[in-house]
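Data block below; observations after.
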Amino acid sequence: MRVAPSPTGDPHVGTAYVALFNKAVAVRTGGQFILRIEDTDRSRYVEGAERMIFEALRWLGLDYDEGPDVGGPCAPYRQSERTALYREAAERLLATGKAYRCFCTPERLAELRAAQRRDRRPPGYDGRCRALAAAEVERLLAAGTPWTVRLAVPRTGTTRFEDGLRGPIQFENSEIDDQVLLKSDGHPTYHLANVVDDHAMRITHVIRAEEWISSTPKHVLLYEAFGWPPPVFVHLPLLRNADRSKISKRKNPVSLLWYREQGFLPEALLNFLALMGHSMPDEREIFSLEEFYAEFDPGRLKTTGPVFDLAKLQWLNGEWIRRLPPQEFVRRVLAHHGEPYARRPELVARVAPLVQPRIRTLAEWPSYADTFFRGCSDYEAALLVPKPLDAAMARQLLEQAQQIAARAEPFAAAVLEQQAREAVAKLGCKVGPAFMVLRVAITGARVSPPLFESMEVLGREETLARLQAALAKLATAEATGTGS
RNA sequence: GGCCCCGUCGUCUAGCCAGGUCCAGGACACCGGGUUUUCAUCCCGGCAACACGGGUUCGAAUCCCGUCGGGGUCACCA
């Protein structure tokens with residue numbers, strides 16, 4: 001089993017999807033899971049993209065047994081380092097007449113396509129160079145004319161293969177183009193490199209995306225031409241945008257980097273991907289990678305393209321965050337966010353339990369936690385006076401709170417809450433609005449972690465300071481008429 | 001357009017291969033309600049689908065055919 005991405009940009013969510021199922025088969029069958037870098041298109045090569053693929057796969061826990069950065073018996077695992085192999089293979093095909101040299105220029109091919117399009121005929125190479133006499137080939141070669149190698153696809157007959165998921169699939173050979181195998185720059189195309197490598201690396205199951213179905217007959221023909229037994233082909237459904245087109249950058253976040261930055265847990269992303277197109281026998285929806293491997297069954301794969309629903313991923317991520325052991329949650333927060341949190345790990349640990357049940361992604365951490373790290377002085381004074389109350393009542397509540405905070409012993413949430421409730425009752429106020437006044441004073445926002453727990457974390461001194469600041473803010477607002 | 005793949009609630013799906021136990025179950029989202037100091041959690045309830053038409057059969061979401069719909073692919077990209 002293998003996954004074979006191209007280093008042409010950010011690591012793609014589809015790569016993770018395909019890698020997941022390949023690895024699952026490898027784990028279940030005791031086979032090797034290989035990472036192969038398909039970098040045969042130097043024009044699309046992106047510096048650093050390869051390293052990001054390594055990192056993304058590791059981040060997800062989809063480690064590979066063999067690959068460019070871990071080595072293995074079939075090294076090298078970068079196609080750009082295996083060009084001799086492909087040339088040799090192409091020579092073999094040339095020698096046996098299974099392929100031929102094509103000297104057509106890109107211009108002629110473009111004109112050919114244009115003409116076919118104009119006449120509303122199916123596009124494809126017209127086979128001109130296939131009929132070239134040996135002497136003519138020699139002459140062109142001697143003249144240094146650039147050439148490619150094309151597969152000599154049989155003109156008649158049918159090529160069939162068994163898709164491990166969809167059953168028998170067949171194509172008329174007359175509909176298959178004489179695919180270019182070796183480009184004029186000496187690099188192989190996907191088709192050649194893929195088949196040669198899959199054979200060389202003893203890949204038993206080619207598990208890839210559905211978009212490859214229509215080129216599979218070319219691959220089957222290649223295996224036949226080489227006299228090699230073809231692997232089992234399994235075409236996974238394509239991940240889709242909401243409009244059901246294949247998932248794309250424009251309509252969906254597809255970069256694994258993005259998911260990491262947004263604070264999605266690898267566990268959740270993997271869990272979500274596993275849910276797309278495969279189901280657990282007991283319909284369980286939340287499960288670990290290990291559980292997935294344990295229950296994975298090719299027979300439970302689906303063939304219909306699932307729409308990638310970020311909302312469900314967010315829900316799942318929230319579930320995973322809530323299930324994290326407290327210490328682990330702290331570790332993830334620290335790993336995800338740098339300063340100012342990293343400087344105060346002990347404070348993070350105390351704040352964490354208040355935030356953990358409230359967020360769906362690690363990126364949301366600051367929205368609840370920042371009041372403990374950055375203070376809260378820049379809120380609007382009007383927030384201190386929620387709807388049914390007036391400024392006078394707000395002031396009284398804050399003053400009562402000051403007294404309670406000053407004397408509470410110990411300075412703990414339960415004590416503070418009990419005394420606050422009593423005081424509020426005496427003032428003849430409802431707890432909801434009353435606590436809202438204090439919440440704003442303490443956290444600077446109407447949405448916050450629990451009030452008294454927050455006070456406890458802040459400590460007596462800071463609590464008193466914030467209450468005092470709120471009172472001052474209220475007074476200023478009243479004086480300038482900007483309050484309510 | 002040719003070829004190929006696919007078609008159960010808005011979305012992810014169970015059920016289909018081995019027809020009845022399915023007037024189709026679960027989850028997300030959404031809408032109500034409850035718990036609650038805000039938010040979130042948690043609990044309860046609701047909305048909502050077998051694409052359509054034939055056929056086979058005592059009986060079809062499940063088998064067959066057709067139609068329609070969606071997608072993929074038609075590069076010296078992968």
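Values in this document were obtained by computation on a predicted structure and should not be read as measured data. The chains referred to below are lettered A, B, ... by the order of the sequence lines, with proteins before strands, and numbering in each begins at 1.
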Is [X] touching bases, backbone alone, or none of the nucleic acid, heavy atoms closer than 4.0 Å?
{"X": "A:R166", "answer": "sugar-phosphate"}
{"X": "A:Q79", "answer": "nothing"}
{"X": "A:L451", "answer": "base"}
{"X": "A:S6", "answer": "sugar-phosphate"}
{"X": "A:G299", "answer": "nothing"}
{"X": "A:P450", "answer": "base"}
{"X": "A:Y368", "answer": "base"}
{"X": "A:P433", "answer": "nothing"}
{"X": "A:S448", "answer": "base"}
{"X": "A:R121", "answer": "nothing"}

Heavy atoms within less than 4.0 Å of RNA chain B: which residues of [range] have one? Give them sorted by number.
{"range": "residues 98-118 of chain A", "result": "A:C104, A:P106, A:L109, A:R113"}
{"range": "residues 147-165 of chain A", "result": "A:T148, A:R150"}
{"range": "residues 168-175 of chain A", "result": "A:I169, A:Q170, A:F171, A:E175"}
{"range": "residues 34-49 of chain A", "result": "A:E38, A:T40, A:D41, A:R44"}

- With A:H278 via ring pair (Phe, Tyr, Trp, His ring centres under 6.0 Å) - residues at least two apart: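 A:H278 satisfies ring pair (Phe, Tyr, Trp, His ring centres under 6.0 Å) with A:F292, A:F296 only.
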
- Message: Just to verify, what does A:Y368 make a ring pair (Phe, Tyr, Trp, His ring centres under 6.0 Å) with, not counting sequence neighbours?
- Response: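 For A:Y368 there are no ring pair (Phe, Tyr, Trp, His ring centres under 6.0 Å) partners, ignoring immediate neighbours.
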
Is there a side-chain contact between [X] and the phosphate of [N], meaning an N or O under 4.0 Å from OP1 or OP2?
{"X": "A:K302", "N": "B:C6", "result": "no"}
{"X": "A:K430", "N": "B:U37", "result": "no"}
{"X": "A:S214", "N": "B:C3", "result": "no"}
{"X": "A:R322", "N": "B:A40", "result": "no"}

So if I take every side-chain heavy atom of [X] and compare against [options], which nucleotide ends up nearest?
{"X": "A:L275", "options": "B:C12, B:C4, B:A78", "result": "B:C12"}
{"X": "A:T189", "options": "B:C77, B:U73, B:U38", "result": "B:C77"}
{"X": "A:R358", "options": "B:U37, B:U38, B:G7", "result": "B:U38"}

Indicate, yes or no, whether a donor-acceptor pair under 3.5 Å links the base of [N] to the side chain of [X].
{"X": "A:E283", "N": "B:G25", "value": "yes"}
{"X": "A:R439", "N": "B:U37", "value": "yes"}
{"X": "A:K312", "N": "B:A29", "value": "no"}

- A:L269 and its side-chain contact (heavy atoms from CB on, under 4.5 Å) partner, picked from A:L20, A:N317, A:L256: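 Per the side-chain contact (heavy atoms from CB on, under 4.5 Å) rule, the option paired with A:L269 is A:L256, out of A:L20, A:N317, A:L256.
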
- Query: To the nearest angstrom, how far is A:L239 atom CG from B:C12 atom P?
  - Reply: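 The distance from CG of A:L239 to P of B:C12 comes to 11 Å, rounded to the nearest Å.
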
- Task: Tell me which of A:D185 and A:M276 sits closer to the 5' end of RNA chain B, going by the nucleotide each one is nearest to.
- Result: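 Closest to the 5' end, via its nearest nucleotide, is A:M276.
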
